[in-house]
Amino acid sequence: MAKEPARVLVTGAAGQIGYALVPMIARGVMLGPDQPVILHMLDIPPAAEALNGVKMELVDAAFPLLKGVVATTDVVEACTGVNIAVMVGGFPRKEGMERKDVMSKNVSIYKSQASALEKHAAANCKVLVVANPANTNALILKEFAPSIPEKNITCLTRLDHNRALGQISERLSIQVSDVKNVIIWGNHSSTQYPDVNHATVKTPAGEKPVRELVKDDAWLNAEFITTVQQRGAAIIKARKLSSALSAASSACDHIHDWVLGTPEGTWVSMGVYSDGSYNVPAGLIYSFPVTCQNGEWKIVQGLSIDEFSRKKLDLTADELSEEKALAYSCLA
């Protein structure tokens, strides 16, 4: 029996990430090869013509799973009936702008989109915030959509998680699919902590710890961490544009695993509402290792945290607490 189409919202859909993301969704990468979708694409009025061009291309691609396209600049129309919302649209930081200016612009964007989602989205809508500052934008959205359960509001750190997997696979000259259980702790920013202490590699002799195979703690505790933390900046330097293809792909991974579940024995990184696990202050959207089952995520508990890691977890939590204070001051 054919499934009912899922309605998937992408905001900022005419932008770079949106342009890479919508064909992946239409092809079944996000929700699986048997799940029909109706795409809801939102962008700002100056991008309306470009947005219509994206809609034309979606029609031209004749995706079998794509059962409809809503392309609009109206936030209510965009949010009506959506089951999944991928919030890619935001105000980018421009040269000479203070952090508070960027935060203030994003607070107003996320405030209006939160109330539209709350009033018009389908029950149990799952929300993924991609636009930076992703963790704090997600927190603002949560504040202004109090009836959306906090477990349904997340932010993207899967891109950083995948970057960490990629760096380990390159270093060891192995398939990336043979590496698992890296962790991104904290903020999707340069204070995030990519942690390999629990990560393993599939070898002919069974699973082995990453540290045992890399045999270079100096690299793992320094260059590896900064490479993952600063990968976004390195891509901007190389492309003169920010990461789009990898961001879109990891947004699909995030929703795919959240909805369809993580493989047994594997966790992924998601920015979720902190409940105080690992002594991270409650009330922040913070990246943790999670497993997913039946459409619900759960923080992986009981992992040992060494002294080096503890400092890194606290540092990124401090930055998120500062961002939260800054965002709330924009509301005053």
Side-chain angles (χ1 to χ4, degrees), residues 6-15 17-18 21-22 25 38-48 51 68-93 99-156 188 251 254-255 258-259 270-274 282-286 295 297 320 323-332:
R7 291 181 179 269
V8 182
L9 166 66
V10 177
T11 72
I17 296 172
L21 177 59
V22 291
I25 299 170
I38 296 171
L39 270 167
H40 287 226
M41 303 192 300
L42 175 70
D43 218 311
I44 53 175
L51 186 65
V69 180
V70 176
T72 183
T73 59
D74 179 87
V75 68
V76 171
E77 186 186 2
C79 291
T80 299
V82 297
N83 308 102
I84 288 160
V86 186
M87 317 301 281
V88 180
F91 192 90
R93 187 169 181 175
R99 276 179 73 218
K100 180 152 184 176
D101 300 334
V102 186
M103 192 70 80
S104 155
K105 295 271 190 196
N106 279 297
V107 164
S108 63
I109 292 169
Y110 277 82
K111 195 172 164 182
S112 79
Q113 293 184 354
S115 54
L117 277 172
E118 180 168 54
K119 291 190 186 91
H120 304 286
N124 208 31
C125 175
K126 288 178 158 56
V127 183
L128 166 61
V129 177
V130 176
N132 287 322
N135 300 57
T136 301
N137 284 344
L139 195 60
I140 294 297
L141 196 144
K142 182 202 156 292
E143 286 296 314
F144 288 98
S147 72
I148 298 178
E150 59 196 30
K151 66 181 174 51
N152 282 21
I153 297 174
T154 65
C155 81
L156 187 71
H188 174 63
H254 175 113
I255 297 286
W258 187 5
V259 172
M270 284 171 64
V272 299
Y273 197 65
S274 169
L284 297 175
I285 301 254
Y286 187 100
W297 55 263
L320 281 167
E323 274 188 24
K324 179 179 178 177
L326 189 60
Y328 281 50
S329 73
C330 296
L331 298 170

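The side-chain heavy atoms of Leu117 and Val82, taken from C-beta on, include a pair separated by under 4.5 Å. Using a 4.5 Å heavy-atom cutoff, the side chains of His188 and Leu156 are not in contact. At least one side-chain heavy atom of Val86 sits under 4.5 Å from a side-chain heavy atom of Leu128. Within the 4.5 Å cutoff, the side chain of Thr136 has heavy atoms near those of the Leu320 side chain. Taking 4.5 Å as the limit, some side-chain heavy atom of Trp297 sits within range of a side-chain heavy atom of Lys151.
Among the candidates Val129, Asp43, Val10, Val22, the single residue satisfying the side chain to side chain contact (heavy atoms under 4.5 Å, CB included) test with Val88 is Val10.
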Distance-only criterion, 3.5 Å: show the donor-acceptor pairs between side-chain atoms of residues 325-332 and protein atoms not counting sequence neighbours.
{"residue": "Tyr328", "atom": "OH", "partner": "Glu143", "partner atom": "OE2", "Å": "2.8"}
{"residue": "Ser329", "atom": "OG", "partner": "Lys100", "partner atom": "NZ", "Å": "3.2"}
{"residue": "Ser329", "atom": "OG", "partner": "Leu326", "partner atom": "O", "Å": "2.6"}

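Between His40 atom NE2 and Cys79 atom SG the span is 9.5 Å, to the nearest 0.5 Å. Note that the CG atom of Leu39 and the CG atom of Leu9 stand 9.5 Å from one another [nearest 0.5 Å]. To the nearest 0.5 angstrom, Ile38 atom CD1 is 4.0 Å from Arg7 atom CZ. Atom OH of Tyr273 sits about 13.0 Å away from atom CG of Asn135, to the nearest 0.5 Å. A distance of 10.0 Å separates CD of Glu150 from OG of Ser274, quoted to the nearest 0.5 Å. If you take CG on Leu51 and CG on Leu42, they are separated by 8.0 Å, rounding to the nearest 0.5 Å.
A donor-acceptor contact shorter than 3.5 Å links the side chain of Thr11 to the backbone of Gly89.
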> Could you go step by step and tell me if Met87 and Leu141 meet the side-chain contact (heavy atoms from CB on, under 4.5 Å) rule?
Replying inline: CA-CA 10 Å; Met87 317 301 281; Leu141 196 144; 4.2 Å; yes
>> Does Thr154 form a side-chain contact (heavy atoms from CB on, under 4.5 Å) with Val272? I'd like the steps, not just the answer.
In response: CA-CA 5 Å; Thr154 65; Val272 299; 4.1 Å; yes
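Every residue meeting the side chain to side chain contact (heavy atoms under 4.5 Å, CB included) condition with Val102, not counting sequence neighbours, appears here in chain and number order: Arg93, Met97, Asn106. For Lys111, there are no salt bridge (Lys or Arg N to Asp or Glu O under 4.0 Å) partners at least two apart in sequence or on another chain. By the ring pair (Phe, Tyr, Trp, His ring centres under 6.0 Å) test, His254 is found to be paired with Trp258, residues two or more places apart in sequence or in another chain being considered. Applying the side chain to side chain contact (heavy atoms under 4.5 Å, CB included) test to Lys119 and every residue at least two apart in sequence or in another chain returns Ser115.
Taking both residues in full, the closest heavy atoms of Cys155 and Ala134 are given as CB-O, 3.7 Å, listed atom of the first, atom of the second, then distance. Between Ile148 and Cys125, the shortest heavy-atom contact is CG2-O, 4.3 Å. For the residue pair Ala13 and Met41, the shortest heavy atom distance occurs at CB-CB, 3.5 Å. Across all non-hydrogen atoms, the minimal contact from Gly90 to Ile109 is C-CD1, 4.0 Å.
Among pairs with a residue in residues 76-85, those fulfilling side chain to side chain donor-acceptor pair (under 3.5 Å) read Thr72-Glu77, at least two apart in sequence or across chains.
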